[in-house]
Amino acid sequence: MNEKILIIDFGGQYRDLIARRVREANVYSEVYPYTISIDKIKSLNPKGIIFTGGPSSIYLDDAPKIDKEIFNLGIPILGICYGMQFMTNALGGEVKKAKMREYGEMEVDLNLSSKLFQGLDSKNTSLMSHTDYVSKLPKGFVKIASTKTCPIAGIENSLLNFYGVQFHPEVTLTNKGLEIIKNFLKICNCSFTWKMDYFKENKIKELKKKIGNKKVLCALSGGVDSAVAATLLIKAIGSNLTCIFVDHGLLRKNEAQEVSKIFGNRNDVNFIMVDARERFLTKLKGVTNPESKRKIIGEEFIRVFESEAKKLGAIDFLVQGTIYPDVIESGVGKSAVIKSHHNVGGLPKNIDFKEIIEPLRDLFKDEVRALGLSLGLDSEIVMRQPFPGPGLAIRIIGEITNEKLEILKDADYIFREEIKNHNLDKEINQYFAVLTDIKSVGVMGDSRTYDYMLALRGVVTSDFMTASIAHIPYEVLEIISRRIVNEVPHINRVVYDITSKPPATIEWE
Ligand code: XMP
């Protein structure tokens, strides 16, 4: 881990996605806020530095900035989006506000003589998301990329090894983005030898040391993240771990039984299941605001864990399978709150545990899956599609009632069944139904109906930070729609959500 890349965070939504891409290229990386001192940077001795994007404008008074001394350290730097604008401004170039925001996947013309774009094609689809743009290059820099609307979309000073791109190479929506990052790592002279196994070994050691022979409760949802977190803990502390699964009444059809079958029958796991259906549904009565739903659920989970911990006696630690996207979307540092994930932004202030341990907090979903496989977890569990902690509560728009829950469970079950029947379940990374609060007029038999509209969502993604829509064949959609309106009372219209993330999120609430 001596060889590292430093990522300096200016508040970008994708800051750890950059860290994750660097790790994917087998180079160790760490993220630090832009307030990091120059002395600290020197002591970390990085092979290269990456500036993230961020929501600010460089000419605002409170724009995040770092001491210009950073450009005198002789370390290669790559600035992304706001990071490139900061570099431009700091080194004497000019940044202006455009009349219109440039947003979405754009064709970028690349100058292939730049080391940053080696091995790419001269036209590359890339995610652009900015209003400000570089209008004048700093001295010593040349332009290496442009789009129709953004004349300077990439810059370099190859003598100093300073590079900047207006687009986002870290997201999967950008074609060959990882190649661009790898090219930068080559410019930094990295040796590409870091492995995920180092993470596993270090984490187990770290957990052993921290917990000693104390007792731990691990929140298990049946999803990948908590299953991997629990497995790490079993390796670290064995039978001092108890896993707890809460049925909050917002689970998919048959889910509670499936999860207890997977975990309840293992003899290396102390497993308890709590029926908290009434408790959650009472608290959610009449609640329609998505953030309120998330906060109520976040708090209720903790209260259930606390009361179960009391019954077990002397439990200091609670383990959660929180992963990186949960953290970033809940808003940290300068990043905006997108939604309060139940296990981060939805947590109550007062918690009756000495500490919450989150061993996967720095990892992305695909990294968690790789870790799960390397821990020997069954691929059935590791490859399960994600299901959010707040469950169907954030897939029912408006108030949650028992009637709506039953409608959604049945419709969602048909959707999942047909996706599996058509062998699409391995291709689509997450797919589910959403019960909207829109009612519309239909005709069934010879009668008028006035019933709910159901939305289907299917996305393709590896990191769940960005996602494209799944191209489910029309014939399959038609079969699903027909089955749902015929078999599920109170749905008379089915639509398919064709929005990528961004600008939409995967869940509707
Ligand atoms: P969004 O909707 O933010 O979802 O694009 C990204 C991924 O996170 C899952 N998700 C959650 N998972 N607790 C969770 O455990 C939450 O509160 C939560 N909210 C969203 C979502 O299903 C998707 O896989």
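Counting convention: from 1, in listed order, for ligands and their atoms alike. Quick note: residue numbers are just sequence positions, from 1. All figures in this text were calculated on a predicted structure; none of them were measured in a lab.
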>> Closer than 4.0 Å to some heavy atom of R294 - which atoms of ligand 1 meet that?
In response: 16 (C), 17 (O), 18 (C), 19 (N), 20 (C)
>> Would K253 pass as a cation-pi partner of Y413, given that its NZ or CZ must be under 6.0 Å from the six-membered ring centre and within 45 degrees of the axis?
In response: yes
> Is the backbone of G458 close enough, under 3.5 Å, to the side chain of Q430 for a donor and an acceptor to pair up by distance?
Replying inline: no
> For ligand 1, which atoms sit closer than 4.0 Å to a heavy atom of G389?
Replying inline: 13 (N), 14 (C), 15 (O)
> Which ligand 1 atoms does P386 reach within 4.0 Å, using its non-hydrogen atoms?
Replying inline: 24 (O)
> Can you list the atoms of ligand 1 that are under 4.0 Å from a heavy atom of K501?
Replying inline: 1 (P), 3 (O), 5 (O), 6 (C)
> Between F387 and R252, is there a cation-pi geometry (under 6.0 Å to ring centre, at most 45° from the normal)?
Replying inline: yes
> Hey, what do you get for CD1 (I18) to CD1 (I8), rounding to the nearest 0.5 Å?
Replying inline: 11.5 Å
>> Taking E24 first and then R21, would you say they form a salt bridge - that is, a charged N and a carboxylate O separated by under 4.0 Å?
In response: yes
> Would you find a donor on one side and an acceptor on the other, under 3.5 Å apart, between the side chain of K409 and the backbone of N254?
Replying inline: no
> Which protein heavy atom lies closest to atom 21 (C) of ligand 1, and at what distance to 0.1 Å?
Replying inline: E507 OE2, 3.4 Å
> side chain to side chain contact (heavy atoms under 4.5 Å, CB included) between T466 and H168: does it pass, once the steps are laid out?
Replying inline: CA-CA 11 Å; T466 61; H168 289 270; over 6 Å; no
> Quick one: which ligand 1 atoms are inside 4.0 Å of a heavy atom on T505?
Replying inline: 1 (P), 2 (O), 5 (O)
>> If the threshold is 4.0 Å, N to carboxylate O, is there a salt bridge linking E206 and K203?
In response: yes
>> Regarding ligand 1, does I506 bring an N or O atom to under 3.5 Å of one of the ligand's N or O atoms?
In response: yes
> Do any nitrogen or oxygen atoms of H342 lie less than 3.5 angstrom from nitrogen or oxygen atoms of ligand 1?
Replying inline: yes
> In Å and rounded to the nearest 0.5 Å, what is the CG to CD distance from N124 to E179?
Replying inline: 10.5 Å
> Which of these, H341, K365, K293, has its nearest heavy atom closest to atom 8 (O) of ligand 1?
Replying inline: H341
> Considering only heavy atoms, which of K339, R457, M465 lies nearest to atom 2 (O) of ligand 1?
Replying inline: K339
> Among protein heavy atoms, which sits nearest to atom 12 (N) of ligand 1, and what does the distance come to when rounded to 0.1 Å?
Replying inline: P388 CA, 3.5 Å
> Counting both backbone and side chain atoms, is some N or O of N343 under 3.5 Å from an N or O of ligand 1?
Replying inline: no
>> Residue-level breakdown please: for P390 versus ligand 1, do any non-hydrogen atoms fall below 4.0 Å on the side chain, on the backbone, on both, or on neither?
In response: side chain
>> Tell me the nearest of F464, F387, W508 to atom 7 (C) of ligand 1, using heavy-atom distances.
In response: F464
> Tell me, which protein residue and heavy-atom name are nearest atom 24 (O) of ligand 1, and how many Å apart are they?
Replying inline: Q430 OE1, 2.7 Å
> Under 6.0 Å from the six-membered ring centre of F432 and within 45° of its axis: does the NZ or CZ of R395 meet both?
Replying inline: yes
> What's the shortest distance from atom 3 (O) of ligand 1 to any protein heavy atom, and which residue and atom give it?
Replying inline: E329 OE1, 2.3 Å
